[in-house]
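Notes for the one structure printed next.
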Amino acid sequence: MTAPTTTTEQANDEIAALRERINAADDELIRIWRERAELSRQVGAARMAAGGTRLVLSREQAIVDKFRRELGTDGAQLAMLVLRAGRGPL
Ligand SMILES: O=C(O)C(=O)C[C@]1(C(=O)O)C=C[C@@H](O)C=C1
């Protein structure tokens, strides 16, 4: 049997460091999520103040398509959640 290449202590250190980076990435995702929702809300408010519609489905379709292209099927699901966070439920 070959000896492990790292000790448990080394592995724990590596995992802790990677988890710090994951936490930072999650913080950034949450910040971006909130920023996008606020921008979307502002676009909707500006359009409706000018007598326009709450939704622009062609724009939503383009966004869902982009997320699907970049991230696959889960990306399309993510886009639906992202859109709902901004304009509210359909
Ligand atoms: O781009 C717009 O016109 C928006 O209102 C923003 C947004 C979005 O969150 O991306 C939200 C609602 C619309 O149906 C389309 C897109």
Side-chain angles (χ1 to χ4, degrees):
M1 198 177 109
T2 52
T5 52
T6 57
T7 65
T8 302
E9 193 182 349
Q10 284 170 328
N12 285 342
D13 286 351
E14 185 184 354
I15 288 165
L18 290 167
R19 282 181 177 164
E20 271 186 37
R21 291 173 61 193
I22 285 174
N23 288 344
D26 287 349
D27 289 347
E28 183 71 357
L29 280 170
I30 290 165
R31 190 192 67 72
I32 288 281
W33 178 279
R34 288 180 171 146
E35 179 180 310
R36 192 198 187 285
E38 175 58 18
L39 292 169
S40 171
R41 194 195 62 72
Q42 288 179 24
V43 172
R47 184 170 49 249
M48 285 192 286
T53 57
R54 185 169 76 89
L55 304 177
V56 180
L57 293 180
S58 58
R59 171 77 177 148
E60 294 205 11
Q61 191 59 56
I63 290 166
V64 171
D65 289 348
K66 177 167 73 175
F67 274 67
R68 184 184 292 108
R69 216 169 36 247
E70 293 292 331
L71 302 171
T73 310
D74 286 353
Q77 295 291 311
L78 178 61
M80 301 299 286
L81 293 173
V82 161
L83 286 164
R84 192 174 68 191
R87 47 113 162 100
L90 287 175

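One is the number of the first residue; the rest follow in order along the sequence. Whatever order the structure lists ligands and atoms in, that order sets their numbers, starting from 1.
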Among residues at least two apart in sequence or on other chains, which ones pass side-chain hydrogen bond (donor to acceptor under 3.5 Å, both in side chains) with D13? none
Counting distance only, does the side-chain N/O of R84 pair as donor-acceptor with the main-chain N or O of P89 below 3.5 Å? no
Mind checking whether R47 and V56 have side chains closer than 4.5 Å, heavy atoms only? yes
Would you check ligand 1 and list the protein residues that come within less than 4.0 Å of it by any heavy atom, ordered by chain and number? R36, S40, V43, R47, L55, V56, R59, E60, I63, L83, R87
Going only through I, L, V, M, F, W and Y residues with side-chain contacts under 4.5 Å, is there a path from W33 to V64? yes
Determine all donor-acceptor pairs shorter than 3.5 Å in which one atom belongs to a side chain in residues 68-79; sequence neighbours excluded.
unit_1: R68; atom_1: NH1; unit_2: D65; atom_2: OD1; d: 3.3

Mind checking what makes salt bridge (charged side-chain N to carboxylate O under 4.0 Å, His left out) contact with E28, not counting sequence neighbours? R31
